[in-house]
J.: 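Got a structure here, written out as structure tokens. Questions coming.
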Amino acid sequence: MAQLKRMECQFEIKSSADKFFDVYKNKGYLMPKLSNQLVTDIKLLQGDWNSEGSCRLWHIVVDGGKIESVKEVFEKVDDTNRTIVYKLVGGEIMDAYKTWRSILNVMPMGEGSLVKWTMEFEKQNESIPDPVKYGEFLTVWSKNVDAYLLNA
């Protein structure tokens, strides 16, 4: 029987926690501009850009240039703890994983912030590799957004 697994990526950024969190919570539509090397398009399919239950379709670049689609639901937002839970419900990633949640948490740290992405997933079968390429995507994407915010 498959089991739920977790993988985490944690790193420091220079942007404030509130500013960085606000972009992910309220300005998803700007991601192709903020990180155009990794997010080529995003479309709102249901709801609005910042409400729980909203559904979006992303086109992202992973694994050295491969474009994948990802359909996600904005599942939960915790403003106090600067945490967002994204539940993936479609796209190529779901060919390999039965369930997937990406959890973003942003904590103030000194002049900047500490960003932690947690990936919770259940593989379709045990031959599926751990999702290292998606952890790399989340890390580089966040650092691109940070760089953009610092130069804005």
J.: For a 4.5 angstrom cut-off between non-hydrogen side-chain atoms, does Arg82 reach Pro108?
T.: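 A side-chain contact exists here, since the closest heavy-atom pair is under 4.5 Å.
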J.: Which heavy atom in Val61 sits nearest to a heavy atom in Phe137, and how many Å separate them?
T.: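 What the structure gives for the nearest pair is O-CD1, 3.6 Å.
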J.: With the 4.5 Å side-chain cut-off for hydrophobic clustering, are Val23 and Val85 part of the same group?
T.: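 Looking at the clustering, Val85 is in a separate group from Val23.
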J.: Where is the tightest heavy-atom contact between Lys43 and Asp41, given as atom of each residue plus distance?
T.: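 Scanning both residues completely, I find the closest heavy atoms to be NZ-OD2, 2.5 Å.
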J.: Is there a donor-acceptor pair closer than 3.5 Å between any side-chain N or O of Ser35 and the backbone N or O of Val145?
T.: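 No; zero donor-acceptor contacts below 3.5 Å.
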J.: Please write out which residues are connected to Val73 in a hydrophobic cluster, directly or through intermediates, given that two of Ile, Leu, Val, Met, Phe, Trp, Tyr count as joined at side-chain heavy-atom separations below 4.5 angstrom.
T.: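 Members other than Val73 - counting any ILVMFWY side chain reachable under 4.5 Å - are Val89.
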J.: Give a yes-or-no answer on whether the side chains of Asp18 and Ser16 include a donor-acceptor pair shorter than 3.5 Å.
T.: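 Side chains of Asp18 and Ser16: no pair found under 3.5 Å.
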J.: Listed by chain and number, what are the side-chain contact (heavy atoms from CB on, under 4.5 Å) partners of Ser51, not counting sequence neighbours?
T.: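 For Ser51, the residues satisfying side-chain contact (heavy atoms from CB on, under 4.5 Å) (neighbours in sequence not counted) are Asp48, Ser54.
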J.: Would you please name every residue forming a side chain to side chain donor-acceptor pair (under 3.5 Å) with Trp58, sequence neighbours left out?
T.: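 In terms of side chain to side chain donor-acceptor pair (under 3.5 Å), with neighbours along the sequence ignored, Trp58 is linked to Glu72.
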J.: Is a side-chain donor or acceptor of Thr40 paired with a backbone partner of His59 at a separation under 3.5 angstrom?
T.: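 The answer is yes, because a donor-acceptor pair under 3.5 Å joins these two groups.
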J.: Looking at Glu12, I want to see if its CD is surrounded by more than 12 non-hydrogen atoms of other residues, nucleotides or ligands under 6.0 Å.
T.: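 For Glu12, atom CD is not crowded (no more than 12 foreign heavy atoms under 6.0 Å).
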J.: Is it true that Leu34 and Val62 fall in one hydrophobic cluster, defined by side-chain heavy atoms closer than 4.5 Å?
T.: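 Hydrophobic grouping puts Leu34 with Val62.
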J.: Could you measure the distance from the CD1 atom of Ile84 to the CH2 atom of Trp117? Nearest 0.5 Å is fine.
T.: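 Going from the CD1 atom of Ile84 to the CH2 atom of Trp117 covers 7.0 Å.
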J.: In this structure, would Trp100 and Val70 fall into the same cluster of hydrophobic residues linked by side-chain contacts under 4.5 Å?
T.: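 Shared cluster, yes.
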J.: For Tyr134 and Glu68: C-alpha separation, side-chain torsions, deciding distance, then whether side chain to side chain contact (heavy atoms under 4.5 Å, CB included) applies.
T.: CA-CA 11 Å; Tyr134 296 109; Glu68 292 188 11; 2.7 Å; yes
J.: So, Thr83 and Asp78: side-chain donor and acceptor under 3.5 Å apart, yes or no?
T.: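 No - no donor-acceptor pair under 3.5 Å links their side chains.
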J.: Any side-chain to backbone donor/acceptor pair from Gln124 onto Met94? Under 3.5 Å, distance only.
T.: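 Present.
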J.: What distance separates Lys98 NZ from Leu4 CG, expressed to the nearest 0.5 Å?
T.: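 It is 11.5 Å, given to the nearest 0.5 Å.
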J.: Please name the residue in the list Val115, Leu114, Asp146 that meets the side chain to side chain contact (heavy atoms under 4.5 Å, CB included) test with Phe11.
T.: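 So the option named by the test is Val115.
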J.: Can you see which heavy atom on Ile128 is nearest to which on Ala96, and at what distance?
T.: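 Residues Ile128 and Ala96, closest heavy atoms: CG1-O, 3.6 Å.
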J.: What's the spacing between Asp79 CG and Phe21 CZ if we round to 0.5 Å?
T.: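 Asp79 atom CG to Phe21 atom CZ measures 5.0 Å (nearest 0.5 Å).
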J.: Taking the six-membered ring for Trp and the full ring for Phe, Tyr or His, determine whether the centres of Tyr24 and Trp141 are under 6.0 Å apart.
T.: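 Under 6.0 Å, so yes.
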J.: Checking Asn105 side chain against Asn81 main chain: does a donor-acceptor pair fall under 3.5 Å?
T.: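 Yes: the side chain of Asn105 pairs with the backbone of Asn81.
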J.: Report, as yes or no, whether the 6.0 Å neighbourhood of atom NZ on Lys14 holds more than 12 heavy atoms from other residues, nucleotides or ligands.
T.: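 Not buried by this count: 12 neighbours or fewer within 6.0 Å.
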J.: Got more than 12 heavy atoms from elsewhere within 6.0 Å of CD, Gln37?
T.: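 Yes - once you tally the heavy atoms of other residues, nucleotides and ligands closer than 6.0 Å, there are more than 12.
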J.: State whether the side chain of Lys87 and the backbone N or O of Glu75 hold a donor-acceptor pair below 3.5 Å, judged by distance alone.
T.: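 No: the side chain of Lys87 does not pair with the backbone of Glu75.
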J.: Please examine the side chains of Arg56 and Met31, heavy atoms only from C-beta on, and report whether any two atoms are closer than 4.5 Å.
T.: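 No, side chains not in contact.
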J.: Are Leu149 and Ile13 connected into the same hydrophobic cluster when the rule is that any two of I, L, V, M, F, W, Y join if their side-chain heavy atoms are below 4.5 Å apart?
T.: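 Yes, one cluster joins them.
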J.: Step through the shown structure and confirm whether more than 12 heavy atoms of other residues, nucleotides or ligands are within 6.0 Å of NZ on Lys76.
T.: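 Incorrect, the count does not exceed 12.
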J.: Please determine whether side chain to side chain contact (heavy atoms under 4.5 Å, CB included) holds for the pair Glu120 and Thr118, giving the CA-CA distance in whole Å, both sets of side-chain angles, and the decisive distance to 0.1 Å.
T.: CA-CA 6 Å; Glu120 295 180 344; Thr118 304; 4.3 Å; yes
J.: So, for Lys71 and Cys55, which heavy atoms are closest and what is the spacing to 0.1 Å?
T.: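 Closest pair (atom of Lys71, atom of Cys55, distance): CE-SG, 3.6 Å.
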J.: How close do Met7 and Pro131 get, counting heavy atoms only, and between which atoms?
T.: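 Result for this residue pair: CE-O, 3.5 Å.
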J.: Would you name the heavy atoms of Arg6 and Phe121 that are closest together and state the gap between them?
T.: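 Arg6 and Phe121 have their closest heavy atoms at C-CE2, 4.2 Å.
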J.: Treat each ILVMFWY residue as a node, draw an edge where side-chain heavy atoms are under 4.5 Å apart, and state whether Leu44 and Leu57 are in one component.
T.: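 No; tracing contacts between hydrophobic side chains, which count when under 4.5 Å, never links both residues.
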J.: Measuring from Lys33:NZ to Ile42:CD1, what's the distance to the nearest 0.5 Å?
T.: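 If we round to the nearest 0.5 Å, Lys33:NZ and Ile42:CD1 are 15.0 Å apart.
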